[in-house]
Protein chains: 4
Amino acid sequence: MINDRERAVFEAGIKLGALYHQWVGTPISRETAASVEKAIEKAAILQPFVEEITVRLDRSLMTENRFGYSELSGLMYNVEIITRVGFTYCRAKLAPSISYPLMEIVEIHEIPQLSHH
Amino acid sequence: MINDRERAVFEAGIKLGALYHQWVGTPISRETAASVEKAIEKAAILQPFVEEITVRLDRSLMTENRFGYSELSGLMYNVEIITRVGFTYCRAKLAPSISYPLMEIVEIHEIPQLSHH
Amino acid sequence: MINDRERAVFEAGIKLGALYHQWVGTPISRETAASVEKAIEKAAILQPFVEEITVRLDRSLMTENRFGYSELSGLMYNVEIITRVGFTYCRAKLAPSISYPLMEIVEIHEIPQLSHH
Amino acid sequence: MINDRERAVFEAGIKLGALYHQWVGTPISRETAASVEKAIEKAAILQPFVEEITVRLDRSLMTENRFGYSELSGLMYNVEIITRVGFTYCRAKLAPSISYPLMEIVEIHEIPQLSHH
């Protein structure tokens, strides 16, 4: 009833929703952004069905408050994730779109299987 | 390329992943559980593509620590969500499965459209 | 070495820091704000040393994104908390100050004890 | 009315409460624990009044779930933080105590000032 395309897509949605809410609000600055990017990537890759993830946080939005730091906000996220279920891959992303941190399916790709004689 | 079934499934995944990580760790007790359930439901229903959500937190796991309260943990969640994209509905759930808070697609349902003459 | 004034202050700091980061990022709107306020208050009051808490979220900052909702952000918080250790009370607050969500001790109050003859 | 000892203690409480709730729930394993420790330390040190912080996460509690990872929970935290206000330092910690993740003031230290003639 539910196929691998749908399962791969579901897993991509879960991971993007999860990381967004886990990390939003973290104190951050241009100097520490790389450390947070790595920590998010490493946390995501632990989870089932995640094949690849790239997290890039927009430093141009990390304007300093009166104490000299910023806070990780939704529009800073540029994330691309690839999940896999069976032979089907889903590529999805989280990136700003018209001032909203939008999550979108980029493509679903099925690896053709050799037929058996 | 990407159909409404896949989009509805993606949105369900996002919402389940999001609420899990937003709310895990909240101080909770049997007396306040209903208030947290309502707050989670109301937050989820605000988001795009969410048609319905039911959140039930397992009070039997809310054992009191030495200060008399507990903390919302993954295995407490029993959530069912319905997302809709166009005429397609996805029902998904978050519930304990073999000691893991598992997110699963329950069903995808397409409402048949009348054909035009 | 460490007196009740300091302990009460420490507890107030813990609770304000905790609730800020637990709840920031929650989807919210003017219609659901009251529900979130109640849930935060009920979660805080469960914790040790908390006597009273009032949470008011600034609806004027809940501007709608393209999907019609907002996200709980630091500057929305107006929180006043009273902690107690022994006969000492600490009143502290979290409120915007020059575009920063500032946490401050408002007052520390010790209840005079009757002496015994 | 409120002295530097109390202010330093308040800031230590804020930071411990904040990091606890910001990071609890993060997917983690023994392999990624060091990355998360660094990210927490770097986030905390950005905040005002933080002089030093050491975060150690208890790997022995990182038992693998059925998908081979764990989730950062309260009892894993071993954190020591030093805050400073003026010439007063507060050392505080977050560590398990009788199955509860307890936050405590360890010591408050004032640096004696030279008097002027």
Side-chain angles (χ1 to χ4, degrees), chain A residues 1-26 39-40 43-44 46-50 53 72-74 77 79-86 88-95 97-110, chain B residues 1-26 39-40 43-44 46-50 53 72-74 77 79-86 88-95 97-110:
Chain A
M1 295 255 329
I2 295 155
N3 61 34
D4 284 355
R5 290 173 63 92
E6 291 149 1
R7 283 189 223 281
V9 159
F10 185 61
E11 296 299 330
I14 291 171
K15 272 63 177 186
L16 290 180
L19 74 83
Y20 184 97
H21 285 272
Q22 178 65 55
W23 300 78
V24 79
T26 304
I40 298 176
L46 287 176
Q47 296 175 279
F49 309 109
V50 180
I53 182 164
L72 181 45
S73 65
Y77 285 108
V79 178
E80 191 174 270
I81 191 167
I82 298 173
T83 52
R84 180 176 68 81
V85 172
T88 303
Y89 293 79
C90 172
R91 180 190 302 268
K93 69 175 181 176
L94 158 57
S97 168
I98 323 176
S99 301
Y100 183 82
L102 193 67
M103 301 182 194
E104 276 184 306
I105 307 169
V106 178
E107 59 167 343
I108 308 170
H109 187 72
E110 287 157 273
Chain B
M1 295 259 327
I2 295 155
N3 61 35
D4 284 355
R5 289 174 62 92
E6 291 149 1
R7 283 189 223 282
V9 159
F10 186 61
E11 295 299 330
I14 291 171
K15 272 63 177 186
L16 291 180
L19 72 84
Y20 184 98
H21 286 271
Q22 179 64 54
W23 300 78
V24 80
T26 303
I40 299 177
L46 287 177
Q47 297 176 279
F49 309 109
V50 180
I53 181 164
L72 180 46
S73 66
Y77 285 109
V79 178
E80 191 173 89
I81 191 167
I82 299 173
T83 52
R84 180 176 67 83
V85 173
T88 304
Y89 292 79
C90 172
R91 180 190 302 267
K93 68 174 182 176
L94 157 58
S97 168
I98 322 175
S99 301
Y100 183 83
L102 193 67
M103 301 182 193
E104 276 183 306
I105 307 169
V106 178
E107 60 166 342
I108 308 171
H109 187 71
E110 287 156 274

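These numbers come from the heavy atoms of this one structure, side chains and all, not from hydrogens, waters or symmetry mates. Order of the sequence lines fixes the chain letters, A, B, ..., with proteins taken first and strands second; residue numbering starts at 1 for each chain.
- For A/L16, the part sitting under 4.5 Å from any heavy atom of chain B is the side chain, from C-beta outward, and nothing else.
- Minimum heavy-atom separation, B/F10 to A/A12: CE1-C, 4.0 Å.
- Options B/M1, B/Q22, B/E6 differ in how many heavy-atom pairs under 4.5 Å they form with chain A, and the most are formed by B/E6.
- Among B/I2, B/I105, B/L19, B/I108, the residue with the largest count of heavy-atom pairs under 4.5 Å with chain A is B/I105.
- Using a 4.5 Å cut-off between heavy atoms, A/A8 does not touch chain B at all.
- Looking at A/Y20, neither its backbone nor its side chain comes within 4.5 Å of chain B, counting heavy atoms on both sides.
- Residue with the most contacts toward chain B among A/E107, A/R5, A/K15: A/R5 (heavy-atom pairs, distance under 4.5 Å).
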